[in-house]
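This report refers to the structure that appears directly beneath it.
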Amino acid sequence: MHRRELLRAAAALAPMVIAGRAFAAPAGGSSRLLLVFLRGAYDAANIVAPVGSDFYHESRPTIGLARPDPANPDAALPLDGDWGLHPALRDSLYPLWQSKQLAFVPFAGTDDMSRSHFETQDTIELGQSIAGTRDYRSGFMARLADALGSDRPIAFSDQVPLCFQGAAGRSIPNIALAGNLKPTIDPREARLIQAMYPADATGSAALSRSVAQGFATRETVFESLADEMTQAGRGAVTPKGFELSARRIGRLMRDQYNLAFVDVGGWDTHVNQGGAQGYLAGRIGELGRGLAGFSEEVGADAWRDTVVVVVSEFGRTFRENGDKGTDHGHGSVYWVMGGGVRGGRIAGPQLRIAIDTLNQQRDLPVLTDYRGLIGGLVQRQFALGPDRLAAVFPNAQPVELGLT
């Protein structure tokens with residue numbers, strides 16, 4: 001490895017070392033927040049479906065879910081008189097709903113009307129008003145980490161996401177859990193990099209410690225994940241898709257991190273989306289198993305102090321299209337789950353779904369702003385005062401839905 005490549009490798013360690021104490025174990029009972037971003041705009045209306053509405057069934061003649069029926073395994077699972085849950089979540093998330101650890105917030109989202117994946121994802125991750133100039137160096141989870149003074153945030157992604165950009169005086173650690181678990185820098189290269197920063201050189205003691213801590217941090221993470229892979233080989237954990245990644249996240253958040261982000265792709269279902277069976281059913285089943293696995297792996301004690309929020313950039317058109325799919329929409333359904341969540345209910349304002357109540361007569365309107373929703377959750381969870389909350393979500397009022 002050439003010197004320039006070694007320098008780049010050393011720089012890649014920076015997110016893991018600047019925080020310094022990134023692997024300090026959380027104090028007993030400390031709160032944890034995991035944000036799950038479904039990139040691609042999942043079709044909320046076929047996962048948490050308004051199956052009590054005749055208009056829903058008229059609008060989705062081939063992909064809509066059937067009304068709850070115990071004799072029909074493909075029918076929606078009953079949530080309340082108006083809403084039903086996708087049957088692919090029967091054995092994973094439905095038990096959490098029944099135990100009142102999962103709530104759904106329909107008609108949720110942002111006031112961004114661009115219907116652009118990238119622009120609306122940026123809107124959510126920035127957490128700033130769309131009116132005026134945006135600061136792309138300041139994501140809302142970075143501001144939350146600053147407000148908490150927490151030294152234990154992490155992004156489970158290939159790169160540090162926009163929502164974690166701009167944390168004051170630190171870089172946020174990130175690690176991708178979807179690939180193989182072999183370190184990208186072998187031991188020989190690690191020794192070469194560390195030799196470039198001797199502790200006895202003038203002015204380099206702090207940098208030398210940071211580089212050493214960075215390697216130690218990565219080694220700890222890789223050992224932790226490799227240990228779980230070994231267990232999976234003995235049949236303890238099924239290493240499959242997001243379920244495996246979510247269990248890894250649960251282990252790391254149980255012991256080491258309290259503020260985390262993960263994104264899951266594959267939700268842009270314009271063609272052959274499917275209904276109770278098919279492409280979307282397979283994706284949502286995997287997600288449900290992953291989230292259920294996370295709740296198990298994080299452990300009963302930590303789960304009581306954990307809140308998981310599942311968001312997506314926007315919903316999809318209420319009517320199915322000519323290709324038996326759905327197109328870019330507006331309002332969505334967000335999920336809030338955790339051991340201390342007051343779940344088992346559909347939360348937030350609602351309205352009767354009809355042609356005259358749809359946004360632009362095509363998709364769900366937004367009645368609960370995502371900044372108000374997440375702001376209300378973190379305000380209670382982390383006991384944030386008005387000033388600190390305003391720094392996280394400027395010019396947004398927290399919404400109190402009684403979920404925590």
A292 backbone acceptor or donor facing S92 side chain under 3.5 Å: no
ring-ring contact (aromatic ring centres under 6.0 Å, His included) involving Y370 - partner list, sequence neighbours excluded: none
Nearest non-hydrogen partners of F261 and P161, listed with the distance: CD2-CG, 3.5 Å
Donor-acceptor under 3.5 Å (Y42 side chain, V333 main chain): yes
salt_bridge(R247, E296) N-O dist < 4.0 Å: yes
T326 and its side chain to side chain donor-acceptor pair (under 3.5 Å) partner, picked from H270, Q273, R60: Q273
P106 backbone acceptor or donor facing Q350 side chain under 3.5 Å: no
Side-chain heavy atoms of Y56 within contact of I353, under 4.5 Å: no
Pair T123, R134: side-chain N/O donor-acceptor within cut-off below 3.5 Å: yes
Side-chain heavy-atom pair Y279, V271 within 4.5 angstrom cut-off: no
Charged N-O contact under 4.0 Å between R283 and E286: yes
F104 and W335 aromatic ring geometry - parallel, tilted or perpendicular at 30°/60° bounds: perpendicular
Residue among D327, T317, D363 satisfying side chain to side chain donor-acceptor pair (under 3.5 Å) with R115: D363
Minimum heavy-atom distance between A246 and G290, given as atom pair plus value: CB-O, 3.0 Å
Under 3.5 Å: donor-acceptor pair, side chain of Q165, backbone of V160: yes
Validation row: V378, L384 side chains within 4.5 angstrom (heavy atoms): yes
Student check: side-chain heavy atoms of D263 and Q121 closer than 4.5 Å: no
Residues R316, D43: salt bridge by 4.0 Å N-O rule: no
Nearest-0.5 Å distance, CZ of residue R345 to CG of residue L102: 11.5 Å
Expected output: side-chain R32 to main-chain R254 donor-acceptor under 3.5 Å: yes
Donor-acceptor under 3.5 Å (N174 side chain, S157 main chain): yes
Atom of A75, atom of P87 and distance for their closest heavy-atom approach: O-CB, 3.5 Å
E400 (side chain) donor-acceptor with G402 (main chain) under 3.5 angstrom: yes
Pair listing, side chain to side chain donor-acceptor pair (under 3.5 Å) test, anchored in residues 379-393, at least two apart: none
D356 atom CG: more than 12 heavy-atom contacts under 6.0 Å: yes
Heavy atoms from other residues, nucleotides or ligands near CD of Q159 exceed 12 (cutoff 6.0 Å): no
Minimum heavy-atom distance between T120 and S114, given as atom pair plus value: OG1-OG, 3.3 Å
Side-chain ion pair, R67 and D54, N-O less than 4.0 Å: yes
Donor-acceptor under 3.5 Å (N321 side chain, D323 main chain): yes
Worked check of side chain to side chain contact (heavy atoms under 4.5 Å, CB included) between F294 and T306: CA-CA 11 Å; F294 171 87; T306 297; 4.0 Å; yes
Passing candidate, side chain to side chain contact (heavy atoms under 4.5 Å, CB included) with V262, options V36, V308, I154: V36
Heavy-atom closest contact (G127 atom, F140 atom, distance): CA-CB, 4.0 Å
Heavy-atom neighbours of Q397 CD exceed 12 at 6.0 Å: no
R289/D91 under side chain to side chain contact (heavy atoms under 4.5 Å, CB included): CA gap, chis, key distance, verdict: CA-CA 8 Å; R289 290 189 296 273; D91 298 323; over 6 Å; no
R39 charged N/C atom sitting above F37 aromatic ring, 6.0 Å / 45°: yes
Within-4.5 Å side-chain heavy-atom neighbours: L280 and I63: no
Closest heavy-atom pair and its distance - A41, G315: CB-O, 4.2 Å
Steps toward side chain to side chain contact (heavy atoms under 4.5 Å, CB included) verdict (L93, L291): CA-CA 8 Å; L93 296 190; L291 292 174; 4.0 Å; yes
D135 and Q128: CA distance, side-chain angles, deciding distance, side-chain hydrogen bond (donor to acceptor under 3.5 Å, both in side chains) verdict: CA-CA 8 Å; D135 182 359; Q128 305 167 21; 5.4 Å; no
Flag, side chain of R152 to backbone of M253, donor-acceptor distance under 3.5 Å: no
Worked check of side chain to side chain contact (heavy atoms under 4.5 Å, CB included) between H330 and V366: CA-CA 7 Å; H330 189 46; V366 170; 3.4 Å; yes
4.5 Å side-chain heavy-atom contact, L89 and I47: yes
H57 (side chain) donor-acceptor with A66 (main chain) under 3.5 angstrom: no
Heavy-atom side-chain contact between M141 and P153 under 4.5 Å: no
Test item: S295 and Q101 side chains (from C-beta on) under 4.5 Å apart, heavy atoms: no
